[in-house]
Enquirer: 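Next up is a structure, given as structure tokens.
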2 protein chains.
Amino acid sequence: MFSKACEYGIRSATYIALNSLEGRRVSLKEIAKEIDSPVAFTAKILQLLSKNNIVDSVKGAYGGFDINRTKIDKLMLSEIVNAIDGDKIYVGCGLGLKECNADKPCPVHEKFVGIRNDLRKMLENTSLYEMATGLEMGLTYLKR
Amino acid sequence: MFSKACEYGIRSATYIALNSLEGRRVSLKEIAKEIDSPVAFTAKILQLLSKNNIVDSVKGAYGGFDINRTKIDKLMLSEIVNAIDGDKIYVGCGLGLKECNADKPCPVHEKFVGIRNDLRKMLENTSLYEMATGLEMGLTYLKR
DNA sequence: ACTAAATAGGATATAATTGTCCGATTTAGG
DNA sequence: CCTAAATCGGACAATTATATCCTATTTAGT
């Protein structure tokens, strides 16, 4: 569904959000350990999220990553996915046709529209706050 | 969503089904041309579909690919997807966690279950016959 | 000023996917 | 029997995704 990069990105952002809610800034090392991802690759993804103003990064000693508290409620999964994988999940034909649309639909066009819309809505309506609080309450998990 | 291989596979099978319904066997060359895919790569995919008893292949002059007429109704997209991409679309966690399940769900587990189920049902309920007749009636398209 | 800890970013390595090429084999027809 | 047309299958090539490594820069604390 998503690329590995995107999976790590969502997991990273969720972990950062959880800790930002508790006032803690977290380091790359800690993030990678806690979400069980390759450190250097995760670094690249965090750079990307930082450039897209999804997370804030602080260099130097006691540096790390955090997310502005007021932002956590507003940040939706769709923005993270978009920053990393672009819009290819929602857009484009299920069978890979370049010019597939309602006028000249591929044989599964209509059926895909529904599923893709559900996915899009889900990502657009799920906030990092919701992700993080699920973790906080021990209802959900990020590892393994 | 699907791999390129899988996209070509579905388009190939659909084109073969359409022609089998009309009693014509079609060659690799024709298939690749009509579904707009790389010839040699498509050959590999057709080999795979043949080994999985999804299409029948006939070697030699006047050879090519076809699908048993009685099979066209029963062959579902899910079988093609499964032969090429396996079950990774339905199975496995949206965030890439190995041990994500209802007991220890990731933060989007429940939301993904619904979407994945819809996708699975759609693939399990869409027959090649349905794909092909949409083409036949000019309602849907396979090219571009 | 120095040091340690941290991110930034470029270069490189590895793996998976996508794609090509070519010789072997099969088969219908002349 | 020969030829042309076709699939089969193995080897290879190119591209993209994933992952690593190293150096530069920044920053807090001493």
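Letters A, B, ... mirror the listed sequences (proteins, then strands); counts begin at 1. The structure displayed is predicted, hence computed values, not measured ones.
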Enquirer: Which of these nucleotides, D/dT18, D/dT7, C/dG19, is closest to any side-chain atom of B/Pro38?
Expert: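 Of the options given, the side chain of B/Pro38 lies nearest C/dG19.
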Enquirer: From C-beta outward on B/Lys29, which listed nucleotide comes closest to its side chain: D/dA6, C/dA6, C/dT7?
Expert: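 Nearest nucleotide to the side chain: D/dA6.
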Enquirer: How far apart are the C-alpha atoms of B/Asp85 and B/Ser3, what are their side-chain angles, what is the distance that settles it, and do they pass the side chain to side chain donor-acceptor pair (under 3.5 Å) test?
Expert: CA-CA 7 Å; B/Asp85 278 354; B/Ser3 67; 2.6 Å; yes
Enquirer: Measure from CD on A/Gln47 to P on C/dG10 and round the result to the nearest Å.
Expert: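 Distance, rounded to whole Å: 8 Å.
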Enquirer: For the pair made of CG in A/Leu28 and P in D/dT20, what is the distance, rounded to whole Å?
Expert: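 Computing the A/Leu28:CG to D/dT20:P distance gives 12 Å.
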Enquirer: Determine the contact category for A/Tyr62: base if any of its heavy atoms lies under 4.0 Å from a base atom, sugar-phosphate if only primed atoms, P, OP1 or OP2 are that close, otherwise nothing.
Expert: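 Since only primed, P, OP1 and OP2 atoms lie under 4.0 Å of A/Tyr62, the category is sugar-phosphate.
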Enquirer: To the nearest Å, give me how far apart CD1 (A/Ile31) and C1' (C/dA6) are.
Expert: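 It works out to 12 Å between those atoms.
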Enquirer: In whole angstrom, give the distance that lies between atom CG of A/Asp85 and atom P of D/dT16.
Expert: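 The distance from CG of A/Asp85 to P of D/dT16 comes to 16 Å, rounded to the nearest Å.
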Enquirer: Please determine whether any donor N or O and acceptor N or O are separated by less than 3.5 Å between the side chain of B/Lys44 and the base of D/dG10.
Expert: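 Counting by modelled atom types and ignoring angles, a donor-acceptor contact under 3.5 Å is found here.
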Enquirer: Rounded to whole angstrom units, what separation is found between the CD1 atom of B/Ile84 and the P atom of C/dT18?
Expert: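 Atom CD1 in B/Ile84 sits about 11 Å away from atom P in C/dT18.
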Enquirer: Would you say the side-chain atoms of B/Arg116 pair up with the backbone N or O of B/Tyr90, donor to acceptor, closer than 3.5 Å?
Expert: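 Checking the backbone N and O of B/Tyr90 against the side chain of B/Arg116, a donor-acceptor pair under 3.5 Å is found.
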Enquirer: Nearest to the side chain of B/Ala61, which nucleotide is it out of C/dT17, C/dT27, D/dT18?
Expert: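 Given the options C/dT17, C/dT27, D/dT18, the side chain of B/Ala61 is closest to C/dT27.
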Enquirer: Salt-bridge test for A/Asp36 and A/Lys143: reply yes if a basic N is under 4.0 Å from a carboxylate O, no otherwise.
Expert: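 Salt bridge between A/Asp36 and A/Lys143, a charged N being under 4.0 Å from a carboxylate O: no.
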Enquirer: Measure from CG on B/Leu48 to P on D/dT7 and round the result to the nearest Å.
Expert: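 Between P of D/dT7 and CG of B/Leu48: 16 Å.
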Enquirer: What nucleotide, of C/dA6, D/dG9, C/dA8, holds the atom closest to the side chain of B/Lys51?
Expert: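 Minimum distance to the B/Lys51 side chain belongs to D/dG9.
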Enquirer: Could you check whether A/Glu130 pairs with B/Lys111 (Lys NZ or Arg NE/NH1/NH2 to Asp/Glu carboxylate O, under 4.0 Å)?
Expert: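 Yes, this pair counts.
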Enquirer: Counting only heavy atoms not in B/Phe112, do more than 12 sit closer than 6.0 Å to its CZ atom?
Expert: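 Count over threshold, so yes.
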Enquirer: Do the side-chain N or O atoms of B/Ser57 get closer than 4.0 angstrom to the phosphate oxygens (OP1, OP2) of D/dC8?
Expert: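 Indeed, a polar side-chain atom of B/Ser57 lies that close.
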Enquirer: Between A/Phe41 and B/Phe65, which has a closest nucleotide on DNA chain D that is more 5'?
Expert: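 Counting from the 5' end, the first nearest nucleotide belongs to B/Phe65.
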Enquirer: C/dT17 C1' sits how many Å from B/Tyr8 OH, rounded?
Expert: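 Going from OH in B/Tyr8 over to C1' in C/dT17 covers 11 Å.
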Enquirer: D/dT18, C/dT18, D/dA19: which one has an atom nearest the side-chain heavy atoms of B/Lys4?
Expert: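 Of D/dT18, C/dT18, D/dA19, C/dT18 is nearest to the side chain of B/Lys4.
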Enquirer: Using whole Å, what does the distance between atom P of nucleotide D/dG29 and atom NZ of A/Lys59 come to?
Expert: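 Nearest whole value for this atom pair: 18 Å.
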Enquirer: Mind checking A/Leu46 for me? I need base, sugar-phosphate or nothing, with any heavy atom below 4.0 Å counting as a touch.
Expert: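 A/Leu46: no heavy atom of the nucleic acid under 4.0 Å.
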